[in-house]
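As the structure is a prediction and not an experimental result, all values here were calculated from the model.
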Amino acid sequence: MAKSAGDVSELDKLRGETWVAHCLAVAECKTLAQLHEKVPVLSSVDLWSKYRGGKAKPLESTVRVVNLMLVGTADTWFHGPLALPLWSVLALDLVVARQLVEQAIGSQPNHKDWMVASYVPVREMDNLELAQALLELSITEAWFRPRPSPDVSDLNLPHVFENIDKYGADEWLARVQEAEKRTEELEAANPRMEHIRSDNFLSLAELVVLEPNPLAHHYCIHKKLLAASKFSKKVNRYPILQPQRLLALLAAAVVSNGSDELLLKDVANFLTQGLKEAMTDLFGAGVAQFVEDNI
């Protein structure tokens, strides 16, 4: 009912650990002994331990029989958690990876005029365009180049604020208003045209070397927003938190890493580093570590 350890790859070990954990959760068991008693499918509890520890790999028939009692667990073994094709992505299946990226881009309508997806058909995108299009949809705000700041050094605002009793509130307010005026004048002279990809936006090469990592930053911020929301706990309010979107971003890393272009190598690294926390939250520390080691 099992394949020997010699036939078990590192990915299969991860699949086994994840599958057994899902079986425990569905069966509402805390220990493998409880699971074996509740699901008397295997010849011994030791087999459950071997599957979880990567010492053996269950046969497909075993997984299907277990699924008859623990419905939904087979999807975790064959595809991945949440029935998402995680294992195919981690196996570096470029066909599946590209399909996931294309689906994520195509499933979000009303692309802004400046986005790649607004003027290049998804099916015709090269690997760079795929990665850029998905990142433009996922972390849109990160692409805006910071506006130039006016020179307000002569106003000495921090010093005035720290000595407001000396300078007086009126003097402090006047200097703040002067700083705001200079900002408005600078923005009026340099309007941001969102529908034109120009100096208003970072290039892909600039984005992927930013610190801190914008992808990681946006994920963290939106996770906190969701946790603090008084009105809705729905993940679909924040695309960057959606499991399908996060897997598509990981798939984009696989597609990018499959190229010899140096920029795409940087893109792949940007994506994997930016997804560390997300992969841990969504799929567990084992998956996050596998991604770091193999993609």
*Go through the steps to decide whether Val89 and Leu84 satisfy the test side chain to side chain contact (heavy atoms under 4.5 Å, CB included), and finish with yes or no.*
CA-CA 10 Å; Val89 173; Leu84 295 172; over 6 Å; no

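- Considering all non-hydrogen atoms of both residues, Arg98 and Arg123 come closest at NH2-O, 3.9 Å.
- Here the side chains of Leu90 and Asn294 are not in contact, with every heavy-atom distance at 4.5 Å or above.
- Between Lys50 and Leu42, the closest side-chain pair of non-hydrogen atoms is not below 4.5 Å.
- In terms of heavy atoms, Ser259 sits closest to Asn127 at CB-ND2, 4.4 Å.
- Summarising the geometry, atom CD belonging to Glu129 is positioned 10.5 Å from atom CG belonging to Leu204; distances are rounded to the nearest 0.5 Å.
- Taking both residues in full, the closest heavy atoms of Ala133 and Val116 are given as CB-CB, 4.3 Å, listed atom of the first, atom of the second, then distance.
- We find the CG-CG distance between Asp46 and Leu32 to be 10.0 Å, quoted to the nearest 0.5 Å.
- For the residue pair Gln103 / Gln99, no side-chain donor-acceptor distance below 3.5 Å is found, with atom types taken as modelled.
- The side-chain heavy atoms of Leu271 and Leu250, taken from C-beta on, include no pair separated by under 4.5 Å.
- At least one donor-acceptor pair closer than 3.5 Å links the side chain of Trp87 to the backbone N or O of Trp77.
- For CD of Gln34, the number of neighbouring non-hydrogen atoms (other residues, nucleotides, ligands) closer than 6.0 Å is greater than 12.
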*asked:* Let's go through Val39 and Cys23 carefully: what are the C-alpha distance in whole Å and the side-chain angles of both, what is the deciding distance for side chain to side chain contact (heavy atoms under 4.5 Å, CB included) to 0.1 Å, and is it a yes or a no?
replied: CA-CA 9 Å; Val39 186; Cys23 290; over 6 Å; no

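- In this structure, OG in Ser256 is found 9.5 Å from CD in Glu261, a value given to the nearest 0.5 Å.
- For the atom pair Leu215 CG and Ile139 CD1, the distance stands at 5.0 Å (nearest 0.5 Å).
- The shortest non-hydrogen separation linking Val96 to Pro85 is CG1-CB, 4.4 Å.
- Within the 4.5 Å cutoff, no side-chain heavy atoms of Leu246 are placed close to those of Pro243.
- Distance CG/Leu86 to NE2/His79: 12.0 Å, rounded to 0.5 Å.
- No more than 12 heavy atoms of other residues, nucleotides or ligands shown are found within 6.0 angstrom of CD on Glu28.
- Within 6.0 Å of the CG atom in Asp170, the count of heavy atoms belonging to other residues, nucleotides or ligands does not exceed 12.
- Hydrophobic clustering (ILVMFWY, side-chain heavy atoms < 4.5 Å, transitive): Leu262 and Leu135 are in distinct clusters.
- Inter-residue side-chain proximity for Ile240 and Leu249 is flagged as met; some heavy-atom pair is nearer than 4.5 Å.
- Note on Glu17 versus Lys13: no salt bridge recorded, every NZ/NE/NH1/NH2 to OD/OE distance being 4.0 Å or above.
- Nearest heavy-atom pair, Arg182 versus Asp154, reported as atom, atom and distance to 0.1 Å: NH1-OD1, 2.8 Å.
- Under the 3.5 Å distance criterion, the side-chain polar atoms of Glu124 are left unmatched by any main-chain donor or acceptor of Pro121.
- In terms of the side-chain hydrogen bond (donor to acceptor under 3.5 Å, both in side chains) criterion, Ser61 has no residue partners (sequence neighbours excluded).
- Inter-residue side-chain proximity for Pro214 and Trp143 is flagged as unmet; no heavy-atom pair is nearer than 4.5 Å.
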*Starting from the C-alpha separation in whole Å, work towards a yes-or-no answer on side chain to side chain contact (heavy atoms under 4.5 Å, CB included) for Arg15 and Val63.*
CA-CA 12 Å; Arg15 291 172 67 193; Val63 175; over 6 Å; no

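- Residues Ser9 and Asp12 have side chains that bring a donor and an acceptor to within less than 3.5 angstrom of each other.
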*Please report the C-alpha distance between Lys55 and Val8 in whole Å, then the side-chain angles of each, then the deciding distance to 0.1 Å, and finally whether the side chain to side chain contact (heavy atoms under 4.5 Å, CB included) criterion is met.*
CA-CA 7 Å; Lys55 302 297 184 183; Val8 182; over 6 Å; no

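- Trp19 and Tyr51 have tilted rings, their planes meeting at an angle from 30° to 60° on a 0 to 90° scale.
- Put simply, the side chain of Met115 reaches to within 4.5 Å of the side chain of Thr140, judged on heavy atoms.
- With hydrophobic clusters built from ILVMFWY side chains whose heavy atoms lie under 4.5 angstrom apart, Tyr119 shares a cluster with Met125.
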Would you mind writing out the side-chain donor-acceptor pairs for residues 275-290 within the sub-3.5 Å range, not counting sequence neighbours?
from	atom 1	to	atom 2	distance (Å)
Lys276	NZ	Gln273	OE1	3.4
Glu277	OE2	Lys223	NZ	2.5
Thr280	OG1	Lys276	O	3.0
Asp281	OD2	Tyr219	OH	2.8
Asp281	OD2	Lys223	NZ	3.0
Gln289	NE2	Asp293	OD1	3.0
Gln289	NE2	Asp293	OD2	3.3

For residues 65-72, please give each side-chain donor-acceptor pair under 3.5 Å, one per line with the distance, not counting sequence neighbours.
from	atom 1	to	atom 2	distance (Å)
Asn67	OD1	Gly72	N	2.8
Asn67	OD1	Thr73	N	3.1
Asn67	OD1	Ala74	N	3.0

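- The environment of Arg245 atom CZ is dense: over 12 non-hydrogen atoms of other residues, nucleotides or ligands sit within 6.0 angstrom.
- Between the CG atom of Leu100 and the CG atom of Leu130 there is a distance of 11.5 Å, given to the nearest 0.5 Å.
- No donor-acceptor pair closer than 3.5 Å links the side chain of Asp113 to the backbone N or O of Ser118.
- The number of heavy atoms from other shown groups lying within 6.0 Å of NZ (Lys181) does not exceed 12.
- The two atoms that bring Ala253 and Ile295 nearest to each other are CB-CG2, 4.2 Å, heavy atoms only.
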